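All remarks here apply to the structure that follows.
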Amino acid sequence: MVHLTAEEKAAVSSLQGKVKVDVVGGEALGRLLVVYPWTQRFFDSFGDLSSPDAIMSNRKVKAHGKKVVNSLINGLKNLDNLKGAFAKLSELHCDKLHVDPENFKLLGNVLVCVLARHFGKEFTPQVQAVFQKVLAGVANALAHKYH
Amino acid sequence: MALSAADKAAVRALWRKLGSNVGIYTTEALERTFVSFPAAKTYFPHFDLSPGSAQVKAHGKKVADALTLAVAHLDDLPGALSALSDLHAHQLRVDPVNFKFLSHCLLVTLARHYPGDFGPAMHASLDKFLSHVSSALASNYR
């Protein structure tokens, strides 16, 4: 459960409305694979990941990045019950995908960098803090069903 | 995970571009760390941490000078940062997790101010550099 003040919720809504999901999602996932190359282990079927340029222009990376960010946006509608909202995805990431939850934190932080890059001045320390809180909540929720 | 020649070149190039403004960005990174990771404030009970604080600005300058020193000694970070490592280990006793928080916030600050320069390869090189600095700072801890 993530508690946001009315002001914090407004900050999230405001940026969320302006986020170009396909652009931000693809960029965040791409950067994850470039900056932390060991994360490529989950994406053997994605084709050419041989260089930063190949990764950033890879169609499957962009599509999957978009999927992830859309899922995050859905999560934003359920801040009162993130664990419930992400229960099925948590099971999937543990039982089928075998993803170490540490990766959720890595992707969260890369996404924060991407948002900072896109929103510039608007991405104040206070706005950043709200996103860090929300993304930490999502990462915990995604790890919750691990066994 | 050593710094490649390309990593070093990228970091040096960015530092040349930042010029005398490094302190502005390290100060902002500190501010972001205190807001996003409030536990970091526990190391500064004696500071005024309100926005625009002169003490935070002065501390930002110290961090900037240390990072600039690091950039000038990319081939021997542990050596160059040994004295600072002793300081953090024996006097300040900062838990090394905080180096990660500050490093992340510095990346966020640079992404915000230099979106065009902060491409994926630069992002990777900077992250590696800051990770090496953090390791060097923690190297004398025990």
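Just so it is clear, the model here is predicted, and its values are computed rather than measured. Protein chains get the first letters and strands the later ones, always in sequence-line order, with residue 1 at the start of each.
- Residues B:Leu110 and B:Leu130 fall within the same hydrophobic cluster, defined by Ile, Leu, Val, Met, Phe, Trp and Tyr side chains chained together at heavy-atom separations under 4.5 Å.
- Taking the side chain as every heavy atom from C-beta outward, B:His123 and A:Arg117 never approach each other to under 4.5 Å.
- For the set A:Val114, A:Asn109, A:Val34, A:Leu115, the count of heavy-atom pairs under 4.5 angstrom toward chain B peaks at A:Asn109.
- Residue contact with chain A, scored on non-hydrogen atoms closer than 4.5 Å, is absent for B:Phe34.
- Proximity to chain B among residues 71-98 of chain A is not found for any residue, judged by heavy-atom separations below 4.5 angstrom.
- The shortest side-chain heavy-atom distance between B:His104 and A:Gln128 falls under the 4.5 Å cut-off.
- Using a 4.5 Å cut-off between side-chain heavy atoms of Ile, Leu, Val, Met, Phe, Trp and Tyr, with links allowed through other members, B:Ile24 and B:Leu14 fall into the same hydrophobic cluster.
- In terms of heavy-atom pairs under 4.5 Å with chain A, the best-connected choice from B:Asp127, B:Thr33, B:Leu126 is B:Asp127.
- Counted within 6.0 Å of NZ on A:Lys133, heavy atoms from surrounding residues, nucleotides or ligands total more than 12; the atom is thus considered enclosed.
- Residues A:Val23 and A:Val112 fall into different hydrophobic clusters, defined by Ile, Leu, Val, Met, Phe, Trp and Tyr side chains chained together at heavy-atom separations under 4.5 Å.
- Taking a 6.0 Å sphere around NZ of B:Lys61, one finds it holds 12 or fewer heavy atoms contributed by other residues, nucleotides or ligands.
- Note: A:Thr124 leads A:Ile55, A:Thr124, A:Leu33 in heavy-atom pairs under 4.5 Å with chain B.
- Interface summary for chain A: among B:Pro38, B:Gly119, B:Ser125, the most heavy-atom pairs under 4.5 angstrom belong to B:Gly119.
- In this structure, the portion of A:Tyr36 lying under 4.5 Å from any heavy atom of chain B is its side chain and not its backbone.
- Most heavy-atom pairs under 4.5 Å with chain B, from the set A:Ala129, A:Ala136, A:Pro52: that is A:Ala129.
- Annotation for B:Ser36 and A:Pro125: closest pair OG-O, 4.4 Å, computed over non-hydrogen atoms.
- Scanning both residues, A:Cys113 and B:Ala111, for their nearest heavy atoms gives O-CB, 3.5 Å.
- The hydrophobic clustering, which links ILVMFWY residues whose side-chain heavy atoms are closer than 4.5 Å, places B:Phe47 and B:Phe101 apart.
- Residues B:Val97 and B:Leu81 fall into different hydrophobic clusters, defined by Ile, Leu, Val, Met, Phe, Trp and Tyr side chains chained together at heavy-atom separations under 4.5 Å.
- One finds the CD atom of A:Gln126 at 8.5 Å from the CZ atom of B:Arg32 (value rounded to the nearest 0.5 Å).
- If you measure heavy-atom distances from A:Lys121 to chain B, the contacts under 4.5 Å come from both the backbone and the side chain.
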